[in-house]
Amino acid sequence: SVGGGVSGCSAAHRLATSGAVDVTLFDWGRAVGGRTSHRLRPEPAADGSDVSLQFDHGAQFFHVDDPTFGALVLPHAERWPTDASRLVLLDAAGGPPVPLAQRSDGAGGLFFGVGRTELAPVRYVARGGMGALVRGMLNAAYHSTDGLALRVYEGSRVASCERLPDGRWRLRGDGLGHEQSTADALAKSEGRLLGEFDELLVADHMAAAMPDWHPCCLRGLADATPRASAALRASLGWDEGVRRFSKIRPLFTCMVAFAREAGADCAVEAHDAPFDAAAIVGSDVLQWACAQRARPHGGARGARGAGEAEGDALRAHRWVLVSTAEFADKCLSGEGLSRAPARAAGAAGAEYVPQTDGYLRADPAAAMLCEFERILARSGARGEGAALAPAARTPLLVKCQRWGAAYCAPDPPGDGGAARAELAAALCEAEENMSVTLCGDYVSMLGLDGSAPDDAFAIQRAALSGIRAAERILARAAA
């Protein structure tokens with residue numbers, strides 16, 4: 001399996017626990033999880049020591065209404081938030097925070113369905129950070145098979161694939177990190193042999209559909225399955241001019257940490273706002289803010305903050321801010337993750353831009369934090385009444401994660417019928433003739449599974465796509 005996000009890990013779990021096949025999963029990131037990412041890293045504190053700062057900087061929550069998905073993830077999750085009154089709506093134009101539970105209009109258009117009252121009872125976060133969602137799946141599969149049927153390689157890029165005469169797939173790759181590796185280093189990587197496999201499952205749309213100048217591209221796949229790769233690229237709206245998919249929307253998350261004053265009362269400190277999470281309306285920059293103290297990062301159930309490590313809880317206020325897609329689009333149009341090559345006009349291809357540490361720490365992180373400060377000031381929500389002089393507080397950390405492919409936007413009703421039919425036929429052909437199976441949340445968001453697209457269930461649908469892909473592989477293996 002290529003890709004260790006929700007879809008790839010769900011597929012790996014289903015395959016490994018079947019007892020019928022052995023599974024090898026490769027993920028290019030620092031850890032499996034994809035959008036269900038959790039960051040735990042040491043950062044320098046004001047006194048010169050290190051403090052571990054935890055952030056859920058990808059998916060903020062997920063909804064569960066399918067029993068198959070529930071059986072897979074609920075052992076590793078808990079309902080969230082524990083106090084519904086602390087999940088609020090913030091209007092960037094001003095006014096106090098309003099608990100979403102008190103709204104009578106359902107607030108259906110808010111951040112990934114957070115305002116839909118009917119979804120409140122089925123809203124969850126992973127216990128121990130959002131990354132625990134996929135780690136729980138993989139650990140369960142590993143222990144159920146005594147570790148014999150599942151192997152997981154993190155930090156491993158699958159760079160190329162080759163169909164052998166006997167029908168097996170030979171994969172080659174390397175350990176170069178795609179965020180900060182230069183295009184030159186990636187191009188010169190020869191790639192070590194990763195293995196030969198009977199089936200190839202690709203759980204990353206970028207591996208399947210990006211042009212070969214991009215380091216995420218699985219080179220050789222488009223040559224082996226040209227119809228499927230072309231149909232997927234067309235369905236996701238590849239735009240050569242901006243070198244991005246129009247259907248795959250970006251979001252930026254800003255991780256912010258402020259040191260707590262020694263001996264201060266946390267209830268009245270700056271950046272300890274009287275809410276745990278807020279859906280934001282009326283802002284061109286932000287649509288979500290979440291205090292990390294409210295999340296069960298330590299794995300414990302219970303009251304607000306009970307899951308945090310003591311040192312973390314006492315030493316830093318931590319927030320995750322999520323941009324609007326429009327803000328992310330605007331930033332990427334000015335300083336994108338790729339650039340046209342310095343060649344003669346009309347030359348094809350592009351050059352990947354590595355995400356250096358300076359690039360990651362630069363704006364838009366500062367712009368997102370500034371907007372959050374402005375919204376807090378207009379709402380009167382700072383420090384539960386405490387005055388705040390922004391210039392007087394220097395953050396321990398302000399860092400932006402650029403999710404250039406955060407989620408798949410659904411097709412408008414009635415659109416994309418012909419492209420959808422072609423993609424469905426092409427994917428079926430790739431499976432039957434080439435033993436290549438593609439999966440991901442785009443399968444449902446493009447309407448390929450016959451369900452109505454709904455971004456509130458994006459995580460669930462990614463998992464179900466992986467499970468269904470695994471079941472088709474098992475059916476072929478048994479035939």
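Because the structure is a prediction, the values reported are computed rather than measured.
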*Asks:* Just one of W238, Y442, Y407 clears the ring pair (Phe, Tyr, Trp, His ring centres under 6.0 Å) bar with F245, so which one?
*Replies:*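 In the set W238, Y442, Y407, the residue that makes a ring pair (Phe, Tyr, Trp, His ring centres under 6.0 Å) with F245 is W238.
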*Asks:* Is the shortest distance from a Lys or Arg side-chain nitrogen in D455 or R249 to a carboxylate oxygen in the other one below 4.0 Å?
*Replies:*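 The answer is no: the pair does not qualify as a salt bridge.
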*Asks:* Would you call D441-R35 a salt bridge at under 4.0 Å N-O?
*Replies:*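 R35 and D441: salt-bridged.
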*Asks:* Does the separation of the ring centres of F275 and W319 fall below 6.0 angstrom?
*Replies:*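 When the ring centroids of F275 and W319 are compared, they turn out to be within the sub-6.0 Å range.
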*Asks:* Side chains of Q460 and D65: any donor to acceptor distance under 3.5 Å?
*Replies:*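 Result is yes, a qualifying pair exists.
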*Asks:* Do you know the tightest heavy-atom contact between A366 and V398?
*Replies:*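 Where A366 meets V398 most closely, the heavy atoms are N-CG1, 4.4 Å.
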*Asks:* Whether the S283 and E371 side chains hold a donor-acceptor pair (N or O, under 3.5 Å, no angle test) is what I'd like checked.
*Replies:*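 Yes, E371 and S283 have a side-chain donor paired with an acceptor closer than 3.5 Å.
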*Asks:* Does R123 count as lying over the ring of W80, i.e. NZ or CZ under 6.0 Å from the six-ring centre, within 45 degrees of the axis?
*Replies:*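 Cation-pi check for R123 and W80: fails.
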*Asks:* Minimum heavy-atom separation for L251 and S323, please, with both atom names.
*Replies:*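 Result for this residue pair: CD2-O, 3.3 Å.
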*Asks:* As a test of understanding, state which of F112, F252, F111, F372 forms a ring pair (Phe, Tyr, Trp, His ring centres under 6.0 Å) with W288.
*Replies:*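 Exactly one candidate clears the test, F111.
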*Asks:* Quick check, are the ring centers of F258 and H317 under 6.0 angstrom apart?
*Replies:*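 When the ring centroids of F258 and H317 are compared, they turn out to be at least 6.0 Å apart.
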*Asks:* Quick one: pull up CG in L194 and CZ in R157 and give me the separation to the nearest 0.5 Å.
*Replies:*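 Here the interatomic distance stands at 10.5 Å.
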*Asks:* Identify the heavy atoms of G4 and L25 that sit nearest to each other, and give their distance.
*Replies:*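 That closest heavy-atom pairing would be CA-CD2, 3.8 Å.
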*Asks:* Does the separation of the ring centres of H297 and H38 fall below 6.0 angstrom?
*Replies:*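 Yes; H38 has its ring centre under 6.0 Å from that of H297.
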*Asks:* Given side chains that start at C-beta, do those of Y124 and L74 come closer than 4.5 Å, heavy atoms only?
*Replies:*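 Counting from C-beta outward, Y124 and L74 do come under 4.5 Å.
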*Asks:* Taking atom types as modelled, is there a side-chain donor on Q54 or R295 under 3.5 Å from an acceptor on the other?
*Replies:*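 No, no side-chain donor-acceptor pair sits under 3.5 Å.
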*Asks:* Do we see a donor-acceptor contact under 3.5 Å between the side chains of H76 and R127?
*Replies:*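 Result is no, nothing qualifies.
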*Asks:* So which heavy atom on D212 is nearest to which on C217, and how close?
*Replies:*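 In this case the closest contact between D212 and C217 is CA-SG, 3.6 Å.
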